[in-house]
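Below is one structure; the comments refer to it alone.
As the structure is a prediction and not an experimental result, all values here were calculated from the model. Residues take their numbers from the sequence shown, with the count starting at 1.
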Amino acid sequence: MSQLRLSPREAALIDLLARGHTDATAARELGISQRSVSNMMRSLMDRLHVDNRFQLGAALGALNIVASPDRVDGAEAPAGGESV
């Protein structure tokens with residue numbers, strides 16, 4: 001896989017989703033709409049040539065873009081959230 005450049009907003013979104021936030025809570029944290037979150041996810045999937053969020057998470061992990069949840073600011077992920 002090639003190198004992937006993330007915008008600061010994309011990186012923040014990936015971080016929030018990897019910590020267990022839902023699209024709705026990530027959108028609130030970032031001050032954007034859920035539709036913007038969906039559009040950003042679709043853009044990332046298209047750029048990495050994957051078909052779903054599971055494949056996206058695997059691709060981001062393979063590129064060492066997704067940090068381990070226990071490494072991220074010691075923040076605890078919200079319960080019941082969806083992942084990347």
Task: Closest non-hydrogen atom pair, Ala27 against Val37 - done: CB-CG2, 3.8 Å

Open item on the list: To the nearest 0.5 Å, what is the distance between NE2 on His21 and CG on Leu13?
Closed with: 10.5 Å

- [ ] Indicate yes or no: at least one non-hydrogen side-chain atom of Leu16 is less than 4.5 angstrom from one of Thr25.
- [x] no

Open item on the list: Let me confirm one number: the CE-CG distance from Met41 to Asn52, rounded to the nearest 0.5 Å.
Closed with: 10.0 Å

TODO: Mind checking the OG-CD1 spacing from Ser38 to Ile32? Nearest 0.5 Å is all I need.
DONE: 9.5 Å

- [ ] Flag the pair Thr22 / Leu17 as yes when at least one side-chain heavy-atom distance between them is below 4.5 Å, and no otherwise.
- [x] no

Task: Pairwise distance CD1(Ile14) to CG(Leu60) - rounded to 0.5 angstrom - done: 5.0 Å

Open item on the list: With salt bridge (Lys or Arg N to Asp or Glu O under 4.0 Å) as the rule and sequence neighbours excluded, what pairs involving residues 35-50 come up?
Closed with: Glu10-Arg47, Arg42-Asp46

TODO: Give a yes or no answer on whether the side chain of Gln55 reaches the backbone of Asp51 with a donor-acceptor pair at less than 3.5 Å.
DONE: yes

- [ ] Write down the atom of Val50, the atom of Ala59, and the distance for their closest heavy-atom approach.
- [x] CG1-CB, 4.3 Å

Task: Point-to-point distance, once rounded to the nearest 0.5 Å, from OG of Ser43 to CG of Leu48 - done: 9.5 Å

Task: Point-to-point distance, once rounded to the nearest 0.5 Å, from CE of Met40 to CG of Leu30 - done: 6.5 Å

